[in-house]
Each structure stands twice: as C-alpha cells, then as structure tokens.
Amino acid sequence: MAKKIKHNLFSDKLPDTTRPKGYSFFNDVWDVVRLIPKGRVSTYGAIAEYLSSRISARMVGWAMNAAHSVEPPIPAQRVVNRNGQLTGRIHFGTATRMEELLNADGVLVENDTIVDFKTLFWNPSTELEE
DNA sequence: GCATTGACGAAGG
DNA sequence: CCCTTCGCCAATG
C-alpha cells in the first residue's frame with residue numbers, strides 16, 4: 001500500500017497504519033464517521049469537539065473532502081452541519097447523491113435538511129462515552 | 001511567504 | 001432574527 005507519504009497528510013488512499021504519526025487526524029475523523037450508525041447523523045462540530053485537540057470543524061470538512069478516495073468507504077453522507085443541512089452535497093458527484101445515500105440509510109431529507117435532525121443526531125461525545 | 005479559501009460554528013451587533 | 005466578524009488551520013495560488 002503504499003507509497004510513503006511525502007507531504008504532511010493527504011497521502012491519498014493510504015490505510016490507517018501507513019500514515020505518519022502526528023498527522024492522523026484525518027484518520028481519526030474517518031474512524032469516528034465510520035462509527036455513526038446507519039439511520040443516524042452527526043455534525044462537523046460534534047466530531048471536532050469529540051476529537052477536541054487541535055481539530056476544528058473546518059478540518060473535519062477537509063477530512064470529508066479527502067474521504068472519497070479511501071477504502072473502506074466513509075459514510076460521509078451522515079455528517080452534516082449543525083443545522084442538519086446537507087452542505088457537503090456538492091462534493092458527492094451529483095446534486096442529489098448525498099440525499100439518496102441518506103434515504104438509503106432510512107433518513108429523510110427536505111430542502112437539503114435532515115428531517116427530524118434533532119432526534120437523529122448522534123453525538124460521539126455522549127454516545128461513545130467510555 | 002503572504003493572502004485567500006473553505007463540507008464549520010460561536011459570538012456579537 | 002439576520003448579518004457580520006472572528007477563530008479555526010491545511011491547502012492553494
């Protein structure tokens with residue numbers, strides 16, 4: 001797998017174990033996203049808060065941007081902004097792709113917003129509590 | 001190396 | 001309640 005990482009992160013599709021130490025936050029984010037149960041959704045901010053140290057919500061967004069090229073796939077459709085809006089749908093190839101994936105999860109979307117978002121919200125800080 | 005740009009979010013006005 | 005500002009920090013020009 002893999003070629004050595006030349007730059008900091010963004011080594012493309014490298015599996016977790018091949019990344020250099022100290023630059024693991026993409027993988028940390030991905031790990032958390034993989035833990036989001038089907039039918040539930042989380043937010044950039046909540047994930048950043050859960051991984052608190054040195055990660056901001058923006059960086060979670062960056063991690064999602066890079067998530068499309070990794071295996072196994074990341075259920076990035078389950079990450080929305082704090083209002084339950086599908087702000088990342090632009091990055092899913094087609095305009096409706098993210099919504100379709102959510103529908104497949106059993107999650108309804110209306111006007112680019114998760115229906116019943118408050119109930120479906122999955123917060124790693126409380127759900128993954130030791 | 002400085003300036004701008006975000007799949008963000010909180011705070012202030 | 002809407003709009004702006006600011007913190008966040010890697011990536012890009």
Side-chain angles (χ1 to χ4, degrees):
Chain A
M1 355 218 122
K3 48 208 218 154
K4 243 329 198 43
I5 297 186
K6 44 174 206 172
H7 227 277
N8 289 350
L9 6 120
F10 276 111
S11 51
D12 51 40
K13 3 190 155 187
L14 295 177
D16 298 10
T17 51
T18 56
R19 70 188 127 92
K21 263 174 126 244
Y23 294 101
S24 58
F25 81 84
F26 271 37
N27 288 279
D28 290 341
V29 171
W30 295 337
D31 286 344
V32 175
V33 174
R34 288 194 184 100
L35 294 175
I36 303 173
K38 180 177 180 178
R40 305 288 299 281
V41 293
S42 194
T43 69
Y44 305 100
I47 293 169
E49 188 183 344
Y50 174 68
L51 298 173
S52 52
S53 62
R54 87 200 163 106
I55 297 183
S56 65
R58 281 195 189 277
M59 294 304 101
V60 174
W62 267 114
M64 289 302 95
N65 198 38
H68 285 297
S69 57
V70 302
E71 292 293 336
I74 315 287
Q77 75 275 16
R78 295 173 192 165
V79 185
V80 297
N81 79 355
R82 66 169 181 112
N83 297 316
Q85 296 171 317
L86 280 55
T87 47
R89 71 186 163 85
I90 302 301
H91 301 271
F92 278 76
T94 70
T96 55
R97 177 69 175 157
M98 185 174 184
E99 180 171 341
E100 289 164 7
L101 290 170
L102 283 166
N103 287 340
D105 280 350
V107 176
L108 298 180
V109 176
E110 216 169 80
N111 296 325
D112 287 335
T113 305
I114 303 287
V115 175
D116 208 7
F117 169 65
K118 203 172 174 182
T119 303
L120 298 181
F121 175 53
W122 184 86
N123 188 343
S125 295
T126 57
E127 306 278 355
L128 295 179
E129 186 174 25
E130 322 147 71

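Numbers restart at 1 for each chain; the letters A, B, ... are given by sequence-line order, proteins then strands. These numbers were taken from a predicted model, which means no experiment stands behind them.
Rounded to a whole Å, the CG atom of A/N123 is 12 Å from the P atom of B/dG9. Between A/F26 atom CZ and C/dC9 atom P there is a gap of 14 Å when expressed in whole angstrom units. Summarising the geometry, the separation between CG on A/N83 and C1' on C/dC2 is reported as 13 Å, rounded to the nearest angstrom. Remark: C1' of B/dT5 and CD1 of A/I90 are 16 Å apart, rounded to the nearest angstrom. With rounding to whole Å, A/Y44 atom OH is found 14 Å from B/dG6 atom P.
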Distances under 3.5 Å between protein N/O atoms and the N/O atoms of nucleotides 5-8 of chain C, please, pair by pair.
residue: C/dG7; atom: O6; partner: A/R58; partner atom: NH2; Å: 3.1
residue: C/dC8; atom: O2; partner: A/R58; partner atom: NE; Å: 3.0

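Listed by chain and residue number, nothing satisfies the side chain to side chain contact (heavy atoms under 4.5 Å, CB included) test with A/K118 (two or more places apart in sequence, or in another chain). Residues satisfying the salt bridge (Lys or Arg N to Asp or Glu O under 4.0 Å) criterion with A/D112, sequence neighbours excluded, are A/R89. The side chain to side chain contact (heavy atoms under 4.5 Å, CB included) search around A/N83 returns A/N81, A/Q85, not counting sequence neighbours. Under the rule for a side chain to side chain contact (heavy atoms under 4.5 Å, CB included), the partners of A/P73 that lie at least two apart in sequence or sit in another chain are A/E71. Partners of A/L120 according to the side chain to side chain contact (heavy atoms under 4.5 Å, CB included) rule, which considers only residues two or more places apart in sequence or in another chain, are A/V41, A/V107, A/I114.
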Under 3.5 Å, sequence neighbours excluded: what are the donor-acceptor pairs made by side chains of residues 90-99 of chain A?
residue: A/T94; atom: OG1; partner: A/R97; partner atom: N; Å: 3.2
residue: A/T96; atom: OG1; partner: A/E100; partner atom: OE2; Å: 3.0

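C/dT4 and B/dT5 have their P atoms separated by 16 Å, given to the nearest Å. For the P atoms, the distance linking B/dT4 with C/dT5 amounts to 14 Å, nearest Å. As rounded to the nearest Å, B/dA7 and C/dC2 have P atoms that lie 22 Å from one another.
Clustering of Ile, Leu, Val, Met, Phe, Trp and Tyr side chains at separations under 4.5 Å places A/V115 together with A/L108.
Here C/dA11 is the nucleotide among B/dG9, C/dA11, B/dA7 with the atom lying nearest to any side-chain atom of A/W62. Closest contact between the side chain of A/T87 and the listed nucleotides B/dA7, B/dG9, C/dA10 involves B/dA7.
Looking only at distances, a side-chain donor or acceptor of A/S42 sits under 3.5 Å from a matching main-chain atom of A/W122.
To the nearest 0.5 Å, the span separating OH on A/Y50 from CD1 on A/I47 amounts to 11.0 Å.
Within residues 91-102 of chain A, the residues approaching DNA chain B are A/H91, A/F92, by heavy-atom distance under 4.0 Å.
A/R82 has a side-chain polar atom (N or O) that falls below the 4.0 Å cut-off from OP1 or OP2 of B/dA10.
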